[in-house]
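One structure is given here, and the rest of the page talks about it.
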Amino acid sequence: MVAVQAKDDMAGLRRVLDEEGKVVPGAEVPNIPEEDLVRIFETLLTVRVMDERMMRLQRQGRLGFYMKAIGEEATALAVYALRGDDWVFPSYREHGAWFWRGYSIESYINQLFGNVDDPVKGRQMPVHHSASEINMVSISSPVGTQIPQAVGTAQAMAIEGTDRCALTFFGEGTSSTGEFHVAMNFAGVARAPVIFLLRNNGWAISVPREKQTAAKTFASKAVGYGMPGVRVDGNDVLAVVKATEEAAERARAGDGPTLIEAVTYRVQGHSSSDDPSAYRDPDEPSEWELRDPVNRYRAYLKSRGIWSESLETEITERLNERITKAIEHATTAAMPDRETLFEDVYESMPWHIAEQRDALLSQPPVKSPHGH
Amino acid sequence: MATMNIIQAVNSALHIEMARESKVVVLGEDVGKFGGVFRATSGLYDQFGPDRVIDTPLAEGGIIGSAIGMALYGMRPVPEIQFADFIFPAFDQIVNELAKFRYRSGGQYPCPVVIRTPYGGGIRGGHYHSQSPESMFAHVAGLQVVIPSTPADAKGLLLSCLRQNDPVLFMEPKRIYRAARGEVDEGDTTIPLGKANVVREGEHCTLIAYGAMLSVIEEAANKAAEQGIRCEVIDLRTLVPFDVETLIASVKKTGRAVVVHEAPRTCGYGAELVASICERAMEYLEAPIQRVTGFDTPFPYVLEHEYLPNADRVLGAVRETLEW
């Protein structure tokens, strides 16, 4: 084990795969059919290829803003353990959760550009997706707001008498917010069928995890709210899936919430707007690359005889081709008409907003300073 | 018809809607067995059970946050914030989440939460049981703000709030919770949102208020009438979106207006009313519009009777408009 910033965090983690992708002796391997194993691999690659392509666009000045998930792709696959009728309240770095549940590459890229085909109609910054048809809830920027909302949805599911559950993603920095504690407490008291998936990636923009809590682990916070806290290797897809499956089972059985701390690492900046060399040891990421979730999973698939060079090439080429087409469309598609600015504030437009709309429409259009 | 106070009227609306629509749930602090500190949810727990009448832990952000999650999923939550003064831990959930979900999701996620909260002074509650924060919420795109002043309105407006698909802050004037009594339809009668009520017609000056201040302007109108001044009295009922047509029609007739609220003056809701009237009926105005409001101070304890607008202050403002 290499000495890294979060080395204490690595002790006692639940794992299925070791750093070479071999099954850890005695580990319980989740029962995943082979076609799903391949689909998981494709999802991980989708995120990696997408991030690389979108970041390039951002650096070329063609995309305003982007957030990468590199190094953290495996944690988002917690959603493998869910059913389609379960709900997900994401943060902004779980791209794989969207793709796994069926959000298209085209919708993803249209959202980044806010064009007429953006599912949220150009109303939000890049990576703030929403897809009600797959029960993925609209993302907001203030961290932690989604956590009590997930609890409320879970409570509603229980009130309705279903065996559905809700899962919410957030980072370790978010565990410092009041919303986290309030939500954990509400969930514990109500025994709500909810899964709290804390992505401990070591950094909240420039602030290391040690400055978020004096507790030894984030999972230990579960104790105070009367629920189990589980720590898994967040770079081990199979361990993340296994832990989430167990949490979902508890939720469905009426046994209440679970906090899962998935320990991972933010290999690059928080977003396209920051340079991590300004605030952390430049050697730290390279040490973490040894635990790269995609490499480990690839090695596992290889050992199972599922992976081949040609399979990966086929997937990557197909993805790249589809992404290229989607970029072409997204960058040439029209922007939303300016009257849409006034829609969806309320179900029907009240007089004062209609009046403001009419006033704007009576003026000549204003050219966007951002070139669209 | 039955004689009810505002609490009984609110309670009646909740009973009717919970019986009619199984998706309606009530949640908040002490709303369950105890029936709420003001008794507005009395009897609901016994009739509808702990799944639909939920005593929550004591945290407003959690009450509103979880209510939002319920609404996104398709329920019709009616959270109670015990006093409007305590609403601020939930401010982010209300402003950035509840009010924005429909818009930011491109219309995918409506969020019909009706937040009930008692507000206002006059109960010897000091700063933390007396404030009127309506203008802070009226400023929030995506939210509606409704404030009844009578039992019949409390019931009819609340039923309307519960049957539309956008978030509402329903502020209940606790000073007159029990004092205001009136005839209320025991059945299922709604009152439309966004419509003001012309309580009394007059041609000399328009008095505009909402909530507990309605009785103050009515008293002022009575006193004015003794001096031969006939005031038109308007109960706004809905602050967002407010009934601009009724206001403008009245001011065009009277040429004068006095706007009254107990919240502080600066950036208070009255400022919006004054501006809107000036924009639309400037040429009809015989005098500057007067504001009678609380002061730009924290809400006091022993001196609240000095702080709160009363009929004499309103009458003084009416005279100013007439003598200008």
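Lettering of chains follows the sequences in order, A, B, ..., and the numbering in each one begins at 1.
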Next on the checklist: If you count heavy-atom pairs within less than 4.5 Å of chain B, which of A/Val120, A/Val189, A/Thr340 leads?
Outcome noted: A/Val120
Checklist entry - Using non-hydrogen atoms only, which part of A/Ile139 is less than 4.5 Å away from chain B: side chain, backbone, both, or neither? => result backbone
Item to check | Flag, side chain of B/Glu21 to backbone of B/Lys23, donor-acceptor distance under 3.5 Å | outcome: yes
Item to check | Backbone N/O of A/Gly122 and side chain of A/Asp118: donor-acceptor pair under 3.5 Å | outcome: yes
Checklist entry - Who in residues 239-253 of chain B is close to chain A, using a strict under-4.5 Å heavy-atom cut-off? => result B/Val240, B/Pro241, B/Phe242, B/Val244
Checklist entry - chain A: which of B/Pro110, B/Ser66, B/Pro89 shares the most heavy-atom pairs with it under 4.5 Å? => result B/Ser66
Checklist entry - Which atoms of A/Val182 come close to chain B, meaning under 4.5 Å heavy atom to heavy atom: side chain ones, backbone ones, both, or neither? => result side chain
Next on the checklist: If I compare all heavy atoms of B/Arg116 with all of B/Ala40, which pair ends up nearest, and what's the gap?
Outcome noted: NH2-CB, 3.1 Å
Checklist entry - Do A/Phe180 and A/Phe170 have their ring centres less than 6.0 Å from each other? => result yes
Checklist entry - Quick one: of A/Gly178, A/Ala131, A/Ser132, who has the most non-hydrogen atom pairs under 4.5 Å with chain B? => result A/Ser132
Checklist outcome for this item: Honestly, the part of B/Ala59 sitting under 4.5 Å from a heavy atom of chain A is both
Checklist entry - Where does A/Gln111 contact chain B at under 4.5 Å (heavy atoms): side chain, backbone, both or neither? => result neither
Item to check | Segment of A/Met349 engaging chain B (4.5 angstrom heavy-atom cut-off) | outcome: neither
Checklist entry - What residue, out of A/Glu343, A/Gln146, A/Glu133, A/His181, has the most heavy-atom pairs lying under 4.5 Å from chain B? => result A/Glu343
Item to check | Between B/Asp166 and B/Gln144, a side-chain donor and acceptor under 3.5 Å | outcome: no
Item to check | Residues in side-chain contact (heavy atoms from CB on, under 4.5 Å) contact with B/Pro50, at least two apart in sequence or another chain | outcome: B/Tyr45
Next on the checklist: For A/Val345, which atoms come within 4.5 Å of any heavy atom of chain B: side chain, backbone, both, or neither?
Outcome noted: both
Checklist outcome for this item: Sequence neighbours excluded, the answer for ring pair (Phe, Tyr, Trp, His ring centres under 6.0 Å) partners of A/Trp98 is A/Tyr103, A/His129
Item to check | Residues, nucleotides or ligands: over 12 heavy atoms within 6.0 Å of A/Phe65 CZ | outcome: yes
Checklist entry - Would you say the side chains of B/Glu134 and B/Tyr210 form a donor-acceptor pair under 3.5 Å? => result yes
Item to check | Most chain B-contacting option - heavy-atom pairs closer than 4.5 Å, from A/Ser141, A/Ala192, A/Pro148, A/Ser138 | outcome: A/Ser138
Checklist entry - What pair of heavy atoms forms the shortest contact from A/Pro142 to B/Asp92, and how long is it? => result CB-OD2, 4.1 Å
Next on the checklist: Between A/Glu160 and chain B, with a heavy-atom cut-off of 4.5 Å, which part of the residue counts as in contact: side chain, backbone, both or neither?
Outcome noted: side chain
Item to check | Check against salt bridge (Lys or Arg N to Asp or Glu O under 4.0 Å), A/Asp344 and B/Arg102 | outcome: CA-CA 6 Å; A/Asp344 300 322; B/Arg102 180 189 287 279; 5.4 Å; no
Next on the checklist: What part of B/Ile54 gets within 4.5 angstrom of chain A, counting heavy atoms only: side chain, backbone, both, or neither?
Outcome noted: side chain
Next on the checklist: If you take the centroid of each ring, where Trp contributes its six-membered ring, are A/Phe99 and A/Tyr108 closer together than 6.0 Å?
Outcome noted: yes
Checklist entry - Do A/Asp86 and A/Arg164 meet the salt-bridge criterion of a basic N to acidic O distance under 4.0 Å? => result no
Item to check | Aromatic plane relationship, B/Phe137 with B/Phe88 - under 30° parallel, 30 to 60° tilted, over 60° perpendicular | outcome: parallel
Item to check | Engaged part of A/Asn135 at the chain B interface, taking heavy atoms whose separation is under 4.5 Å | outcome: backbone
Checklist entry - What residues of residues 270-280 of chain B sit under 4.5 Å from chain A when you count only heavy atoms? => result B/Arg280
Item to check | Side chains of B/Asp235 and B/Ser149, donor plus acceptor under 3.5 Å | outcome: yes
Next on the checklist: Suppose we call two aromatic rings close when their centres sit under 6.0 Å apart. Are A/Tyr92 and A/His270 close by that rule?
Outcome noted: yes
Item to check | Option that, when pairs with chain A are counted at under 4.5 Å, heavy atom only, ranks first among B/Arg52, B/Met75, B/Lys100, B/Glu97 | outcome: B/Glu97
Next on the checklist: For the residue pair A/Glu179 / B/Gln93, report whether a side-chain donor-acceptor contact shorter than 3.5 Å exists.
Outcome noted: yes
Next on the checklist: What part of A/Glu347 gets within 4.5 angstrom of chain B, counting heavy atoms only: side chain, backbone, both, or neither?
Outcome noted: both
